[in-house]
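Working notes, beginning with the structure itself.
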Amino acid sequence: MFDAVARRYDITNTVLSLGQDRHWRRATRAALRLGPGDTALDLAAGTSVSTVELATSGAWCLAADFSVGMLHAGAARPVPKVAADATLLPFADATFDAVTISFGLRNVVDPDAGLREMARVTRPGGRLVVCEFSTPALPVFSTAYKEYLMTMLPRVARAVSSNPEAYVYLAESIRAWPDQPALARRIERAGWGTVRWRNLTGGIVALHAAVKS
């Protein structure tokens, strides 16, 4: 499915998010607190646009994605890339100073196993940031947002995406995803400590940050 949407993935994301995707990438980079000398793993990196943003910090950043088609679509972006399964990462223990996953944890076949693997490959004291769709804080806004997901999002996707049917799955997976406190508990159970979150765009997106215990 992700191979099929790769060709127009970036422009589709920008249109569907009304340009907020750029803000979310910058917020993720800031939350990771990367700097020169750090090593960072960007999981579910897609076409590597998120990895390029992280690399502006001066850190060494690796893009990893399960979809080879996505990685090929971002081949021209100047960051290292590897095909990888988030539930069985091809890295030694304690390899990275920081790990992040943006809008991809929902798509991991076993998100809890993925979170445990992220903890395994992160050094003690290292950092995690999960940027993911979440539950808007205001009930009225939440109702309007869900209406957009199930009606407008597929219509917009038909106009701009290379595989509009995939965005029906996107809407359904967002609606089924746990809210901010529930995701924080799952992150903690996977071996992370000091878990906290911050809402972006009224809670449409949330940044969950944690430290390797």
Once you round to the nearest 0.5 Å, how far does CZ of R77 lie from OG of S50?
9.0 Å

Exercise: do S57 and R29 side chains pair donor with acceptor under 3.5 Å
no

Treat each ILVMFWY residue as a node, draw an edge where side-chain heavy atoms are under 4.5 Å apart, and state whether V79 and V49 are in one component.
no

Any carboxylate oxygen within less than 4.0 angstrom of a Lys/Arg side-chain nitrogen, looking at R25 and D21?
yes

Of the non-hydrogen atoms in S213 and G191, which two are nearest, and what is the gap between them?
OG-O, 3.3 Å

Working to the nearest 0.5 Å, report the span between CZ of R186 and CZ of R116.
10.0 Å

Considering non-hydrogen atoms only, spot the tightest contact between H23 and T201 and give its length.
CD2-OG1, 4.4 Å

Is it true that a side-chain atom of N199 and a backbone atom of G202 form a donor plus acceptor pair closer than 3.5 Å?
no

Could you pull out the closest heavy-atom pair between A84 and A64, with the gap in Å?
CB-CB, 4.2 Å

Rounding to 0.5 Å, atoms OG1 (T47) and CG (D65) come to a distance of 9.0 Å

Where at least one partner belongs to residues 81-99, residue pairs that pass side chain to side chain donor-acceptor pair (under 3.5 Å), sequence neighbours excluded:
T39-D97, D85-T87, D93-R120, D97-R123

Restricting to non-hydrogen atoms, name the atom on D38 and the atom on R127 that form the minimum distance, rounded to 0.1 Å.
OD2-NH2, 3.4 Å

Separation between CG of L54 and CZ of R26, rounded to the nearest 0.5 Å
13.0 Å

Taking C-beta and beyond as the side chain, do R106 and E132 meet within less than 4.5 Å on heavy atoms?
yes

Do the side chain of T194 and the main chain of V211 share a donor and acceptor less than 3.5 angstrom apart?
no

Kindly write out the residues that satisfy ring-ring contact (aromatic ring centres under 6.0 Å, His included) with W24, not counting sequence neighbours, or none if the list is empty.
F103

Is L200 reachable from W197 through a run of I, L, V, M, F, W or Y residues, each pair having side-chain heavy atoms under 4.5 Å apart?
no

Check A94 against P124 and note the closest heavy-atom contact, atom names and distance.
CB-CD, 4.3 Å

CG of L207 to OG1 of T100: how many Å apart, nearest 0.5 Å?
8.0 Å

Non-hydrogen atoms of G104 and A44 that approach each other most closely:
CA-CB, 3.8 Å

Quick one: CD on Q20 to CD1 on I204, what's the gap to the nearest 0.5 Å?
8.0 Å

Apply the hydrophobic cluster definition, ILVMFWY joined by side-chain contacts under 4.5 Å directly or through others, and give me every member besides F91.
L41, L43, W60, L62, V82, L89, F96, V99, I101, L105, V108, L115, M118, V121, L128, V130, W177, L183, I187, W192, V195

